[in-house]
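The sequence lines fix the lettering, A, B, ..., with proteins before strands; numbering per chain opens at 1.
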Amino acid sequence: MEIKPFTGQPISVLAYDGSPVTNLDSLGISKDEYLSIYRWLVLARAVDDRGYILVRQGRAGFYAQIAGQEASQIGSALPLTKDDWLYGDHRSQGSMLVKGLRAAEWFAHVLGRSLDPSQGRLMPHGPGRNDLHIVPPSSTVGNQITEAVGTAMAQRIKKRKEITIVYFGDGATSEGDFHVGMNFAAVYGSPCIFFCQNNQYAISVRLQEQTHTKTIAEKAKAYGMDGFLVDGNDVLAVYAVSKHCADKARSGNGPSLIEAYTYRYGPHSSADDDTRYRPKGELEMWRNERDPVVRFRRFLEKQKLWNDDKEQKLLAEVKAELAVALEEAEKSPVPEPMTVLDHTYEKLTPHLEWERKELAAELGV
Amino acid sequence: MEIKPFTGQPISVLAYDGSPVTNLDSLGISKDEYLSIYRWLVLARAVDDRGYILVRQGRAGFYAQIAGQEASQIGSALPLTKDDWLYGDHRSQGSMLVKGLRAAEWFAHVLGRSLDPSQGRLMPHGPGRNDLHIVPPSSTVGNQITEAVGTAMAQRIKKRKEITIVYFGDGATSEGDFHVGMNFAAVYGSPCIFFCQNNQYAISVRLQEQTHTKTIAEKAKAYGMDGFLVDGNDVLAVYAVSKHCADKARSGNGPSLIEAYTYRYGPHSSADDDTRYRPKGELEMWRNERDPVVRFRRFLEKQKLWNDDKEQKLLAEVKAELAVALEEAEKSPVPEPMTVLDHTYEKLTPHLEWERKELAAELGV
Amino acid sequence: MATAEVTKTQTQSTMVQALRSALLEEMERDENVVLLGEDIGPRGGVFLITEGLIDRFGKDRVIDTPLAEAGIIGAAVGMACYGLRPVAEIQFIDFIFPGFDLLVSEAAKMRYRSAGQFACPMVVRSPYGGGVRGGGYHSQSPEAYFVATPGLKVVAPSNPYDAKGLLIASIRDNDPVVFMEPKKIYRAVKNEVPAGTYEIPIGKAAITREGKHVSVITYGAMVHVALEAAEIMQKERVEVEILDLRTLQPYDSEAILETVGKTGHVVVLQEAPRIGGFAGEIAAFIAEEAIGYLEGPIVRVAGWDTPFPYALEKAYMPNAQRVCRAIKKSINF
Amino acid sequence: MATAEVTKTQTQSTMVQALRSALLEEMERDENVVLLGEDIGPRGGVFLITEGLIDRFGKDRVIDTPLAEAGIIGAAVGMACYGLRPVAEIQFIDFIFPGFDLLVSEAAKMRYRSAGQFACPMVVRSPYGGGVRGGGYHSQSPEAYFVATPGLKVVAPSNPYDAKGLLIASIRDNDPVVFMEPKKIYRAVKNEVPAGTYEIPIGKAAITREGKHVSVITYGAMVHVALEAAEIMQKERVEVEILDLRTLQPYDSEAILETVGKTGHVVVLQEAPRIGGFAGEIAAFIAEEAIGYLEGPIVRVAGWDTPFPYALEKAYMPNAQRVCRAIKKSINF
Ligand SMILES: Cc1ncc(C[n+]2csc(CCOP(=O)(O)OP(=O)(O)O)c2C)c(N)n1
Ligand SMILES: Cc1ncc(C[n+]2csc(CCOP(=O)(O)OP(=O)(O)O)c2C)c(N)n1
Ligand SMILES: [Mg+2]
Ligand SMILES: [Mg+2]
């Protein structure tokens, strides 16, 4: 399978019905790996469903679902090694799970509990984990992009065989940080993958109102960088393109932009009302005809690797696993109020020492 | 003459020796207009020479010369009408003169005198004049770009047959504002010309270290906009391309990016030391072989429109004119110290009223 | 300076409704008023302040923008220079920072640097403040930055009536105004808001509650925390006067001197972190101009000097108890 | 707290030289220290602070960047998270604003939002302040913004000796530091700067001049204006004590209380505009914690509340005369 930039049409491996449109051998993926990919897809969706219920139950304040975008996230994160760095955005929990974040930690993050590696410091859109090289995103759309480039610059300065991947949405490409980050990475040949999940909306704003190009991928031309357009609902295509760009970056051949053309099923977040802007039938079309999980399952079935029995077994297994994870998260306590002052600086400044006393008095501790 | 975007090579009308490489008739420029263009080139250079001397004499604090870039500025400003708006940067005084700024005002600006339309409020890199629709640039590289787009958006909202031109350098294209402004303009089809004077340096940083593309013009592709590369030392080519883009914008066909490939002769500014970064011989090559004023003069000579006599006469005329202008500027007083508080707000706030009293006491007035 | 007058014949409104009606009426009145921001079109803004306005005024006057605050503010500057009166919405004030440069380097300085030739009659309105489980980037109160920027005016209403009158005044003002909307009370506080047009003058504070023992000077959502504290202190026979600044830049120095002169005890209350915050400006002003009136320390109550937390926002935000402790510190000197 | 110790065997240095030697020595000591910024390579920076360093350390450690402050600060954050210790140069602090978001939303909050997992040991150094005919965009003193941002430390030296020791301490500090260099005295003030490594602790002020009648609290280039004023007042037998804060966040509250306790009269002097400025924070702190010591108003001396002018910068900037007037206001209460 030859992977070329600026194809105009999304690169794909599977047709919507799951039949391959390219030679699978060239992907070099084993049967076990196919099954593992499917498990990731199912798990990511299940985690997300479970997480969103927490909001509906009033137990969490916010949730941005990834449903519909699982293939983009799983396919792009699988080529990463342990040493590679990952910068997410507010909709990249699927990638974080692949990178090693535990479901229990994710739930704890959603609930704002101590088990959350970020200890309830962030609105639930992605915790960090230093040992996994996952940097927690701020909510400020686009900021992670220049940071990721800094990390990739450092990897190159230190001559490490590592890469950095950074996730962002179609809307984020309008921010200055996208531009500045792309330009820096191209100038320094930084080992970086710019991974754009183009789900066609930035809250209510459609891509055609966001920018005047047909694709995001072609924006790479402004930086002398390669831009790849991939079917974001085709996990094998996303994997193949991401692997290509990861290898390229790792071998010193610089950064790439990947646009994964996909669609989000949920509202922008639990605070959104998507009926205000979504045209009728659009969501149904994507969900019924292009679903990334179903599509890959059809592929497995066609390959005789999957059947209903296996499916039921997997779903039950995942459900049980997540029940345990959620329980672990729920058992974890809410952070101690007195910790609210910690980690502003390495040590409390004198002013914060003073505030610590005030807070202790206020809390009666 | 057909004007096409993304040519890869700069569009030109004149060879370095001044002989036309394209059919001149298609430009629709009369003989008188040729002479007037030449006068502008000579005047712009003379103003600049005179202005720079003021710094060397210690009478002004700062100067950024345009020498070498006159054709870019004159050629791009000539197609503008009185109603059109112009946003300059720190190196666009040539364009401002064409738009109507008087040389005396420019000198007053350089000297920080009351005749300066900005009344000594800005480092001398470009005053504004509301009646001429020249907005004074801040020194912050790139900021003028989104502002210009706002004006162009307003022109469109108001359905006026006006356009806005905004000037910036090659370095400015790295700022987020370039990206944000280009994107907005393309999305709204704003009647705007993005005019990049690519003089190949941002202070000491060469274009190849600034960005990984070969040209600036191709960056327009990231916005679904046309990008034109023009020989910035060829005033007729700059005029033709600018006119083309102005007409296009005026008739509702949206914005364009123009890259004028040129070279600055002076240091970045009077505070710079360009010997630290300029390769030997480069400056000499540009000055001796590609000078925009000489080139156009050769053209006029070849067209039998010019000779040494006329040249001497013109130089003397301009010299006299500028002597008068400078005198007018010098006669103009330094702004009254008490005015330092004015124009922060429409009216002095109570706090500023109080400060006014303090200042009066301090000055003993 | 007077307490907010309320016409009794009007219906109870939320601040969301009041703000929306200010925009609508000003757009009807002056066709140069245009709105721009993210999701303000069909979506009506994420807090629905612009709901339905695009249907009424069309895409040329209610402009859904690409996701770039530098573009929103920069374009507003260029529109204002041209003669429009743009009202820009920043979705959360925490996201003003990608456009901060355009605000402080351009909008704030355009009039000055052009010696009055160009002006920026524009409003940047944005929800601010905590108490909505918004975490570190949907809860901040960055007014200190704007107040410290000469050329900007800064307004922060505490109730729907004021919100409407102040927004109308801000739109009509010929200087750039940062209009900070306390999102916690967007729908939580109601009062009577007349249908017609009225202005609350910029630069004028209001006494929200009269008292003679101690002055709590505050603004925005914190006015309600002050009211709660005043109720508590009332039981201890401490009569708290509450001064709602309404405008932070230029703030109403006369009103401040008046209340300090009356009570001699001052608490300045803000939601933002303490160090470098706007409360410090008020305290400094009093310490310079009214030290003779003071019978105790000027006590600041503020958020802690940390980023805004998520899970622990209750332990973070100033509450009535914290205000009462400060009042006691101030009067038991 | 102690007066700047000066080893007499050393040569007289400018602040430019002192800063350069701090960078050079720290880069020699720790290979994780890297520099990035505009024109810092072959050009040596526009003020020559990094002159020659690219020859010594190569392009991987002295990184000339494209013209984008968001990239400079953003990349520094990403480098710091990775384990480097970047020192970013912003050519003039007026141009930090295109990268302000990365500073306040990212660098300042990374440690907090990751609950201590990631830190940003980085320095953003930049020339600030007026007096060099730089006009509105090459003269500003925006420290109020940084001080009001929890998570940032802010340092502003007043002399070459301190500059070197403070820059070394800032590079070694594990929190992000905004290091403000008073460009007016880059070459105008000299003192003895030892060749070897030494740190001036962050958070500690210094008494620049002892006096018993009034305290002038200040920092950066204004220390020298305070010294001038002290000389003038000396003639009127007023002994002025000058406290040079050196660090603005966290500022040395003990040293402030000590000098206020000693003199009872306070002038706070800054170059930045008055309203919302850092001087207000100091005044507020004193009005809260040391009101009992005060025998007069706390008087602020500052730039006027306007953008920074060009032709009239003399009328704008605080000078010794303005400080003397304030001192008199404070002691003749
Ligand atoms: C700087 C900034 N501006 C605005 C917002 C509010 N906001 C959060 S997500 C979002 C849309 C993002 O769209 P996109 O980048 O396409 O990502 P998606 O949500 O579709 O995954 C907006 C406007 C923000 N978080 N940060
Ligand atoms: C935001 C910002 N960063 C840095 C500077 C300092 N500076 C002034 S001009 C300049 C280089 C500009 O290069 P370019 O855009 O190519 O324009 P030129 O000077 O070559 O005409 C720099 C770095 C500035 N003025 N503004
Ligand atoms: Mg999207
Ligand atoms: Mg240039």
- [ ] Quick one: closest heavy-atom pair of B:S174 and A:N183, and the distance?
- [x] OG-ND2, 3.2 Å

Open item on the list: To check you understand the geometry: which heavy-atom pair defines the closest contact between A:K221 and B:E218, and what is its length?
Closed with: O-OE2, 4.2 Å

Task: Segment of A:F178 engaging chain B (4.5 angstrom heavy-atom cut-off) - done: side chain

Open item on the list: Quick check for you: to the nearest 0.5 Å, what is the distance between A:F184 atom CZ and B:H212 atom NE2?
Closed with: 15.0 Å

Open item on the list: Counting heavy-atom pairs closer than 4.5 Å to chain B, which one of A:T173, A:T211, A:D177 comes out on top?
Closed with: A:T211

Task: Choice from A:G224, A:A220, A:G227 maximising heavy atom contacts with chain B below 4.5 Å - done: A:G224

Task: Parallel, tilted or perpendicular: ring planes of A:H179 versus B:H179, cut at 30 and 60 degrees - done: parallel

